[in-house]
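As structure tokens, the structure follows; a few thoughts come after it.
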Amino acid sequence: MVGVALAIITEEALVEVGALKWNPDNKRVVKEFNRRWDDMNLVLAKTTSRSRNRSAAPFARSSATPRYQSGARR
């Protein structure tokens with residue numbers, strides 16, 4: 001499920017900024033990806049909180065899964 005979300009959000013971010021492929025050095029696409037990922041987590045956290053009485057987002061980042069940053073190597 002997370003992999004599907006990553007693929008969809010990446011594609012949407014690329015289309016939004018007019019990029020043809022993912023490039024971690026492209027600050028515009030990285031910023032758009034992070035904005036969309038955070039928005040998705042907020043929506044899922046609200047939905048999960050109401051249905052399961054939880055407050056943590058299902059795809060929240062941990063220290064083991066850092067945000068994409070321009071110039072960052074994986």
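All residue numbers in this chain count up from 1 along the given sequence.
In terms of the side chain to side chain donor-acceptor pair (under 3.5 Å) criterion, residue partners of Glu12 (sequence neighbours excluded) are, by chain and number, Arg36.
Note: Leu6 CG to Met1 CE = 12.0 Å, rounded to the nearest 0.5 Å. Annotation: the span from Ile9 atom CD1 to Leu14 atom CG amounts to 12.0 Å, rounded to 0.5 Å. A distance of 12.0 Å separates CG of Asn41 from NZ of Lys46, quoted to the nearest 0.5 Å.
Of all heavy-atom pairs spanning Ala19 and Asn26, the tightest one is CB-ND2, 4.1 Å. Scanning all heavy atoms of the two residues, the minimum distance from Phe33 to Ala13 falls at N-CB, 3.7 Å.
Using a 4.5 Å cut-off between side-chain heavy atoms of Ile, Leu, Val, Met, Phe, Trp and Tyr, Val4 falls into a hydrophobic cluster with Ile8.
Under a hydrophobic-cluster definition in which Ile, Leu, Val, Met, Phe, Trp and Tyr are linked whenever side-chain heavy atoms come within less than 4.5 Å, directly or via other members, Met40 and Val2 are assigned to the same cluster.
Contact check for Trp37 versus Thr10: no side-chain heavy atoms found under the 4.5 Å cut-off.
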